[in-house]
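Below is one structure, written out as structure tokens; comments come after it.
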2 protein chains.
Amino acid sequence: MDRQHDPLSAIFAALADPTRRAILARLARGEASVTELAAPFDLSQPAVSKHLRVLERAGLIEQGRQAQWRPRRLRAEPLRDVAEWIGQYRPHWEESFEKLDVFLRELQDEKRTQRGTDDDRDKD
Amino acid sequence: MDRQHDPLSAIFAALADPTRRAILARLARGEASVTELAAPFDLSQPAVSKHLRVLERAGLIEQGRQAQWRPRRLRAEPLRDVAEWIGQYRPHWEESFEKLDVFLRELQDEKRTQRGTDDDRDKD
């Protein structure tokens, strides 16, 4: 399935790499050339170009129009679709963290009761 | 890099497949056996098991303790990390949609002005 048919899979696959996520973070601060993007990574320009192609196919970056320099810039719109997809699961993770919270509070109450009992014993 | 070292990449890679996302959507409605999970897809049980292993390694599902049935259930907590990561880009996509909104409003105003000029001409 290509991006045309399954854009969400292409976006997730593009994000499944720490270098590509770092490139997006850099572009979030402003457009940059391939040379500028390669600089902070221990990567050849062809390797960076390959990452850029994956990001471009996923619609997450685009090329500027200046013929010589051709800076890349962030296209954040597809990330909204990802945020919407993830959002459906919010009630599920919130429920998990609430359960953990209840468990920890119960544990604390138990300890407090235990300590109370110990104090009573000391008095005897 | 394995999940231990780069959990976010493992999660994104696990989500980069429509069948795996459909499995998560099914498990969001309640736990299910491999057979139940395979049913709606035109997939063999080994193919489904492979998808389940990817989801399990990413920490997105877990196996129940009943020895015979071993139902899978959703673990939504890692999706919160994804939502947080995506959230950093919210100002960027909101800015894009605002720009589009301004552009469309300007276009509408221009049309209205154009229509006004046409009406004036009709009066002459």
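Keep in mind the model is a prediction, meaning the values are calculated, not measured. A, B, ... follow the sequence lines: proteins, then strands. Residue 1 opens every chain.
- Contacts of B:R21 with chain A are made by both backbone and side-chain atoms, with heavy-atom separations under 4.5 Å.
- Using a 4.5 Å cut-off between heavy atoms, B:A14 makes no contact with chain A at all.
- Both the backbone and the side chain of B:L79 come within contact range of chain A, with heavy atoms under 4.5 Å apart.
- Counting heavy-atom pairs closer than 4.5 Å to chain B, the top residue among A:L15, A:I86, A:D17, A:V82 is A:L15.
- Salt bridge A:R105/A:D109: absent, no basic N to carboxylate O contact under 4.0 Å.
- Clustering ILVMFWY residues whenever any of their side-chain heavy atoms sit less than 4.5 angstrom apart, transitively, puts B:F41 in a cluster other than the one holding B:V54.
- A donor-acceptor pair is defined here as one N or O able to donate and one able to accept, closer than 3.5 Å; no such pair exists between the side chain of A:R75 and the backbone of A:R73.
- Using a 4.5 Å heavy-atom threshold, the side chains of B:Q108 and B:K111 count as separate.
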